[in-house]
Protein chains: 2
Amino acid sequence: MLSKKTKYGIKALTYLARRENNEPVQIAEIARSEHISIKFLESILLLLRNSGFLGAKKGKGGGYYLIKDPKEISMAKVYRILEGPIALLPCASHNFYEKCDDCDDESTCAARRLMTEVRDNTLKILESNSLADIAF
Amino acid sequence: MLSKKTKYGIKALTYLARRENNEPVQIAEIARSEHISIKFLESILLLLRNSGFLGAKKGKGGGYYLIKDPKEISMAKVYRILEGPIALLPCASHNFYEKCDDCDDESTCAARRLMTEVRDNTLKILESNSLADIAF
DNA sequence: AAGTAATCTACTAAGCCGATAGGATAATGG
DNA sequence: CCATTATCCTATCGGCTTAGTAGATTACTT
């Protein structure tokens, strides 16, 4: 199950992508519109900013704005930042690989085999969807 | 990420499926072979028994055994029992559907759209794999 | 009856999740 | 240059879940 952080993050990105112009939008506006706790959303937007998806402007007329074209924002990258590994098992992950300490032989592990298949497929979907694809 | 419960559960089922005969196997044997805490595994096997996957026999010569042919055991069902919903969002789930209280309009929710696509694909994979498929 | 092994209940330590509070910092407008 | 605005950052919290423990009980076999 997706964490609320990820869900809210995707919603906020979508909200920004759907605006015609790319002028800064205040946290409060997004929070109000998407029914998200302001302070919680604040930490999410901060994370997205530090990860290079958003820009921020302080002071009057400030807020957050998309830094890249929604077409260039891969949902796989968004997912990894917000939620973490796409794989369901560390031993089936590319970016976050970790050996299971309970596994004698990875090659015969049925769980790994199945979860690798799931991972490959999920990754394909997330990579083939940009923010623009899901927003419009 | 998969919980250890699910991972251990799949490993235990695999262990049982790989045995030639279908005689009862003690918890301790599975735990030793798969490097799982006995007591934790105990609760998992109990769950699988109460869910109709395993049978149990008490006393000497007792243990757990598969109740059905591994070919007939769908990994989607196993997953749902051990891990819960396959969908990443409650609003994208068939068996555990729940409306998001932060969503005004489900049909325009980008997160839901994306996660539904992921769900459909994951489900297809889990349903097309039986315990026999992944064990051998 | 003795011994074996599953069953069941209850508990705990640790960690994470979602949310909140408060102040620091920076940019803008007048 | 001062007040306003809004992001930035740290710290904290209750509640829930996860992984694992302990101990008593029940049922089956020989």
Side-chain angles (χ1 to χ4, degrees), chain A residues 1-12 16 23-32 34-67 81-85 88-90 96 100-102 111, chain B residues 1-12 16 23-32 34-67 81-85 88-90 96 100-102 111:
Chain A
M1 278 280 166
L2 228 55
S3 65
K4 293 208 172 178
K5 184 163 99 178
T6 304
K7 181 175 146 194
Y8 291 165
I10 293 177
K11 283 186 144 195
L16 291 173
E23 310 221 311
V25 182
Q26 293 172 35
I27 299 175
E29 178 185 332
I30 305 177
R32 205 181 318 116
E34 303 291 334
H35 309 108
I36 304 172
S37 139
I38 293 189
K39 279 294 192 177
F40 189 36
L41 179 60
E42 189 185 305
S43 69
I44 297 169
L45 294 179
L46 195 57
L47 171 63
L48 288 172
R49 182 191 151 271
N50 290 333
S51 306
F53 294 103
L54 300 180
K57 208 179 150 188
K58 292 187 180 183
K60 195 163 198 175
Y64 284 95
Y65 52 91
L66 285 175
I67 242 175
I81 295 294
L82 292 168
E83 189 72 19
L88 291 173
L89 287 175
F96 301 84
C100 299
D101 40 358
D102 58 287
Chain B
M1 280 279 166
L2 228 53
S3 65
K4 293 209 174 179
K5 184 163 98 177
T6 304
K7 181 174 146 196
Y8 292 166
I10 294 178
K11 282 186 145 196
L16 291 173
E23 310 222 311
V25 182
Q26 292 173 35
I27 298 175
E29 178 185 331
I30 305 177
R32 205 181 318 118
E34 302 292 333
H35 308 107
I36 306 172
S37 138
I38 292 189
K39 279 296 193 175
F40 188 35
L41 179 59
E42 185 186 306
S43 68
I44 297 169
L45 294 179
L46 194 58
L47 172 62
L48 288 172
R49 183 191 151 269
N50 290 332
S51 306
F53 293 105
L54 300 180
K57 209 178 150 187
K58 291 189 179 181
K60 194 162 198 179
Y64 284 95
Y65 52 91
L66 286 174
I67 242 175
I81 294 294
L82 292 169
E83 189 72 18
L88 291 174
L89 288 176
F96 300 83
C100 299
D101 40 356
D102 58 286

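In what follows, chains carry the letters A, B, and so on, assigned in the order in which the sequence lines appear, proteins first and then strands, with residues in each chain numbered from 1.
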Next on the checklist: Given dA19(C), dG22(C), dC8(C), identify the nucleotide with an atom nearest to the side chain of S37(A).
Outcome noted: dA19(C)
Item to check | Closest contact, heavy atoms only, Q26(B) versus G62(B) | outcome: CG-O, 3.8 Å
Next on the checklist: I want to verify a distance call: between dC8(C), dT28(C), dG22(C), whose nearest atom is closest to the K57(A) side chain?
Outcome noted: dT28(C)
Checklist entry - What is the distance, rounded to the nearest whole Å, between atom CD of E34(A) and atom P of dG18(C)? => result 17 Å
Next on the checklist: What's K4(A) touching, base or sugar-phosphate or nothing? Going by heavy atoms closer than 4.0 Å.
Outcome noted: sugar-phosphate
Checklist outcome for this item: Side-chain atoms of K58(A) come closest, of dA27(C), dG18(C), dA21(C), to dA27(C)
Next on the checklist: What's I27(A) touching, base or sugar-phosphate or nothing? Going by heavy atoms closer than 4.0 Å.
Outcome noted: sugar-phosphate
Checklist entry - Once you round it to whole Å, what is the distance between C1' of dG22(C) and CD1 of I38(A)? => result 15 Å
Checklist outcome for this item: Separation of dC17(C) atom P from M1(B) atom CE, nearest Å, is 12 Å
Checklist entry - Starting at CG of L2(A) and ending at C1' of dC17(C), how long is that distance when rounded to a whole Å? => result 13 Å
Item to check | I30(A) side chain reached by L16(A) side chain, heavy atoms, under 4.5 Å | outcome: yes
Next on the checklist: On DNA chain C, compare the nucleotides closest to G59(A) and T6(A); which residue's is nearer the 5' end?
Outcome noted: T6(A)
Next on the checklist: Distance under 4.0 Å to a non-hydrogen atom of chain B counts as contact; along DNA chain D, which nucleotides mark the start and end?
Outcome noted: dA19(D) to dT29(D)
Checklist outcome for this item: Scanning both residues in full, the closest heavy-atom pair of G84(A) with F96(A) reads C-CE1, 4.3 Å
Checklist entry - So, for I67(B) and G52(B), which heavy atoms are closest and what is the spacing to 0.1 Å? => result CG2-O, 3.5 Å
Item to check | Interatomic distance where CZ belongs to F40(A) and C1' belongs to dC17(C) [whole Å] | outcome: 7 Å
Item to check | pair L88(A)-T6(B): side-chain heavy atoms closer than 4.5 Å | outcome: no
Checklist entry - Rounded to the nearest 0.5 Å, how far apart are CD of E23(B) and NZ of K57(B)? => result 8.0 Å
Next on the checklist: Distance check needed: dA27(C) P versus Y64(A) OH, whole Å only.
Outcome noted: 14 Å
Next on the checklist: For Q26(B) and E42(B), find the nucleotide of DNA chain C closest to each by heavy atoms; which residue's nucleotide sits nearer the 5' end?
Outcome noted: Q26(B)
Checklist entry - Once you round it to whole Å, what is the distance between P of dA19(C) and NZ of K5(A)? => result 13 Å
Please tabulate, for the side chains in residues 35-49 of chain B, all donor-acceptor contacts under 3.5 angstrom to protein atoms that are two or more places apart in sequence or on a different chain.
residue : atom : partner : partner atom : Å
H35(B)  : ND1  : D102(A) : O            : 3.1
S37(B)  : OG   : F40(B)  : N            : 3.2
K39(B)  : NZ   : E42(B)  : OE1          : 3.4
S43(B)  : OG   : F40(B)  : O            : 2.7

Item to check | Whole-Å distance separating the CG atom of L46(B) from the C1' atom of dC8(C) | outcome: 8 Å
